[in-house]
Q: 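Mind having a look at this structure? Questions to follow.
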Number of protein chains: 2
Amino acid sequence: MSEQNLTKNQDLVLNQLGKSKTPMSAYDLLDKLREKGLKAPLQIYRALDKLTEMGLAHRLETLNAFVACAHPNCHENELIAFGICENCNKVWEFSDDEVSKRLDLWAKERDFTPVKTSLEIRGICAKCA
Amino acid sequence: MSEQNLTKNQDLVLNQLGKSKTPMSAYDLLDKLREKGLKAPLQIYRALDKLTEMGLAHRLETLNAFVACAHPNCHENELIAFGICENCNKVWEFSDDEVSKRLDLWAKERDFTPVKTSLEIRGICAKCA
DNA sequence: TCCATTAATGTAATAACATAACATTGTTGC
DNA sequence: GCAACAATGTTATGTTATTACATTAATGGA
Ligand SMILES: [Zn+2]
Ligand SMILES: [Zn+2]
Ligand SMILES: [Zn+2]
Ligand SMILES: [Zn+2]
């Protein structure tokens with residue numbers, strides 16, 4: 001299940017994220033990957049940095065946790081949004097061109113240069129309602 | 001500059017936030033408020049909890065920091081968005097009905113019940129460009 | 001007024017999340 | 001082989017947030 005040219009640690013972390021149905025914190029990942037030889041938080045954080053740069057994983061700011069990207073080559077999309085169920089912790093990844101457009105417009109009107117946008121809707125999903 | 005019926009600690013924290021031109025972390029606040037008698041992080045976090053509930057302050061998830069609300073009675077707005085300059089740390093608070101509408105639509109289509117939405121655009125402001 | 005209930009506070013200890021610093025190893029291209 | 005760079009390993013430390021428990025203040029009846 002290796003993707004691209006991931007290093008050993010990156011591959012371990014991405015696989016573990018991929019197996020999880022819900023977001024995992026760096027320390028969740030570390031606990032799971034100790035048996036594979038990883039010993040320190042930094043090994044996890046460094047792998048996560050690269051994976052998020054590559055668009056293979058995403059950081060959820062409201063949870064301090066990470067998910068594997070749900071789409072192939074997601075980092076083509078400028079804006080990625082997440083719905084997060086506070087009961088079952090499932091995450092839905094989506095994007096919306098109209099939202100992107102409106103935020104771009106806000107930025108243009110102020111000569112603000114966006115670098116990274118975070119959009120997370122916390123709530124309760126249909127199943128949990 | 002007290003607002004509503006704030007308690008002593010809430011008032012101290014809100015005033016300190018109001019004086020700051022940029023977001024402050026809980027520990028930034030604690031450092032500033034030690035001279036006023038506050039001694040422990042929990043005193044700050046408890047005040048911040050109430051202030052954010054009341055809509056008088058907002059938490060910036062991508063910074064783990066807090067700002068005083070820029071608007072009167074902001075919590076009437078469902079969705080509050082922030083532009084954050086990564087150079088000068090200034091914050092612009094805004095809302096956009098069209099964005100709100102699109103996100104509401106996404107939620108309705110999935111029977112997802114939003115509780116709290118976080119929208120933060122990190123970037124470089126006009127002055128810092 | 002007295003008492004019960006709830007809200008707010010004080011304090012210490014600890015948990016959870018993230019990075020700095022530095023030494024070492026692996027990979028790539030010449 | 002060697003220089004340059006990327007990735008790794010390891011220890012220590014910094015930063016953010018919560019648990020637990022004791023105390024005090026405000027509120028609202030009986
Ligand atoms: Zn993605
Ligand atoms: Zn759910
Ligand atoms: Zn506001
Ligand atoms: Zn700026």
Q: Remember a base hit wins even if backbone is also touched, and classify B:Ala26 as base, sugar-phosphate or nothing at under 4.0 Å, heavy atoms.
A: nothing

Q: So, B:Ser25 side chain and B:Asp28 main chain: donor-acceptor pair closer than 3.5 Å or not?
A: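 Flag set: sc B:Ser25 to bb B:Asp28 pair under 3.5 Å.
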
Q: Please determine whether residues B:Val99 and B:Trp92 belong to a single hydrophobic cluster, defined as Ile, Leu, Val, Met, Phe, Trp and Tyr linked transitively by side-chain heavy-atom distances below 4.5 Å.
A: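 Both belong to a single hydrophobic cluster.
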
Q: What is the distance, to the nearest angstrom, from the CG atom on A:Asp11 to the C1' atom on D:dA7?
A: 14 Å

Q: In terms of side-chain geometry, is the basic nitrogen of A:Arg122 or A:Glu120 positioned less than 4.0 Å from the acidic oxygen of its partner?
A: no

Q: Given that B:Lys50 and B:Asn64 both sit by DNA chain C, which one's nearest nucleotide is further toward the 5' end?
A: B:Lys50

Q: Measure the distance from CG on A:Asn9 to P on D:dA6 and round it to the nearest whole Å.
A: 17 Å

Q: Does a side-chain N-to-carboxylate-O contact under 4.0 Å join B:Glu98 and A:Arg102?
A: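 No.
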
Q: Should B:Lys8 be listed as having a side-chain N or O under 4.0 Å from OP1 or OP2 of C:dG10?
A: yes

Q: Please give, in whole Å, the distance from C:dG10 P to B:Tyr45 OH?
A: 17 Å

Q: Could you check how far CZ of B:Arg46 sits from P of D:dT16, rounded to whole Å?
A: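 Taking CZ of B:Arg46 and P of D:dT16, I get 20 Å after rounding.
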
Q: Any N or O donor-acceptor pair under 3.5 Å from the base of C:dA15 to the side chain of A:Tyr27?
A: no

Q: Looking at the side chain of B:Phe66, which of D:dT8, C:dT11, D:dA17 is the nearest nucleotide?
A: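 Closest nucleotide to the B:Phe66 side chain: D:dA17.
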
Q: Provide, to the nearest angstrom, the distance between the CD atom belonging to A:Gln43 and the C1' atom belonging to C:dC17.
A: 17 Å

Q: Does D:dA6 have its OP1 or OP2 closer than 4.0 Å to a side-chain nitrogen or oxygen of A:Thr7?
A: no

Q: When you check the phosphate oxygens OP1 and OP2 of C:dG10, does a side-chain N or O of B:Lys39 lie under 4.0 Å from one of them?
A: no

Q: Taking CG from A:Leu29 and C1' from C:dA16, how many angstroms apart are they, rounded to a whole number?
A: 14 Å

Q: Is B:Lys108 salt-bridged to B:Asp111, cutoff N-O under 4.0 Å?
A: no

Q: Tell me whether the OP1 or OP2 atom of C:dA18 has a side-chain N or O from A:Arg59 closer than 4.0 Å.
A: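 For C:dA18, OP1 or OP2 has a side-chain N or O of A:Arg59 closer than 4.0 Å.
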
Q: Can you check the B:Leu48 CG to C:dT9 C1' distance for me, whole Å?
A: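 After rounding, the reported distance stands at 15 Å.
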
Q: Take atom CG of A:Leu42 and atom P of D:dG14, then tell me their distance rounded to the nearest Å.
A: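 So the CG-P distance, A:Leu42 to D:dG14, works out to 16 Å.
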
